[in-house]
Amino acid sequence: MASTHIMSAYDEELKYLSRSISEMGGLAEQMCGDAVRALVNSDGALAQRIISDDVILDHSEREIQDKAITMIAKRQPVAADLREIVGTLRIAADLERVGDLGKNTAKRVIAVAGTGVPRKLARGLEHLSELALVQLKDVLDVFSTRLVEKAEAIRIRDEEIDAMYTSLFRELLTYMMEDPRNIATCTHLLFCAKNIERIGDHATNIAETIYYMTTGAQPEGERPKDDSSNTVGATGQ
């Protein structure tokens, strides 16, 4: 967090942004976890609640944007304070997208309710979701502590989610090839799996933003990636 200021009102405004990010993160995390549960259990009522909750998340992002813009105009922050406010804007945008991904997954519940999700595929989706949600939870903890080493560890860990997504992608294609009647359901599940994988990407974005907010520098090196789903089915693969 930014250092203490002479004007206590300024500190309160910065604390407001921090609290708002924590609240957004908690809701986004809950929406995504519930979306996967709704999907594997064909729970239409839960899916509808998730879709409704997205409005709350959108409203929270707009409030953070308005507050941040007002602070920049009124306080004219520089250096660490400016990074704090701009970083908060970036994190709020990532969390809003995480909520959208949870909502989009929930929208698929009705489409697959008729056939259900095969148990083996459900386990794969649940495992992928666990990895992504741990990534999200850990990065929200880092937002509170600003431990740069942990932010770096989260960034590196993203490739584990990519590898799991690629494995699930292959499995879904196999189901479709084995029985054409599986194509419709598995296509919806492919979209859901990609939504979950993207949650991990946004968590990694947040880790990189926290690193910048804390150090004033960008993380070194390219972000590790292990998503090879684009090669699945190619000749020789």
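In what follows, every heavy atom counts, from backbone to side chain, and hydrogens, waters and symmetry copies are set aside. For clarity, every value in this text was computed on a predicted model and none was experimentally measured.
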Would you call Y211 and Q218 a side-chain contact if the rule is heavy atoms closer than 4.5 Å?
-> no
Does atom CZ of F191 have more than 12 heavy-atom neighbours from other groups under 6.0 Å away?
-> no
Can you establish whether the number of heavy atoms outside I110 located under 6.0 Å from its atom CD1 is more than 12?
-> no
For the residue pair L172 and L121, establish whether any side-chain heavy-atom pair is separated by less than 4.5 Å.
-> yes
Could you tell me whether the side chain of C192 reaches within less than 4.5 Å of the side chain of L39, counting heavy atoms only?
-> yes
Closest non-hydrogen atom pair between M176 and C186, with its separation | CG-CB, 3.4 Å
Determine whether L57 and D53 make a side-chain contact, defined as any pair of heavy atoms from C-beta on separated by less than 4.5 Å.
-> no
Over 12 foreign heavy atoms within 6.0 Å of NZ, K67 = yes
Test side chain to side chain contact (heavy atoms under 4.5 Å, CB included) applied to H127 and L131, step by step | CA-CA 6 Å; H127 186 199; L131 292 176; 4.2 Å; yes
Looking at side-chain heavy atoms only, is the closest gap between I85 and R75 below 4.5 Å?
-> no
Side chains of E171 and Y175: closer than 4.5 Å at any heavy-atom pair?
-> yes
Which pair of non-hydrogen atoms, one from L95 and one from A28, has the smallest distance, and what is that distance?
-> O-CB, 4.0 Å
Just wondering, do I210 and I91 contact through their side chains at under 4.5 Å, heavy atoms?
-> yes
Residues forming a side chain to side chain donor-acceptor pair (under 3.5 Å) with D58, sequence neighbours excluded | none
Which residues satisfy the side chain to side chain donor-acceptor pair (under 3.5 Å) test with R49, sequence neighbours excluded?
-> D34
Salt bridge R97-D94, side-chain N to carboxylate O under 4.0 Å | no
Over all atoms of both residues, closest heavy-atom pair of V36 and L125 | CG1-O, 4.3 Å
So, do E160 and Q135 sit near enough that their side-chain heavy atoms are less than 4.5 Å apart?
-> no
Using atom types as modelled, flag every donor-acceptor pair under 3.5 Å from a side chain in residues 101-109 to any protein atom, sequence neighbours excluded.
from	atom 1	to	atom 2	distance (Å)
K103	NZ	D54	OD2	3.3
N104	ND2	D100	O	3.3
T105	OG1	L101	O	3.0
T105	OG1	N195	ND2	3.2
R108	NH1	H188	ND1	3.0

For the student: nearest non-hydrogen atoms of E208 and R155, plus distance | OE2-NE, 2.8 Å
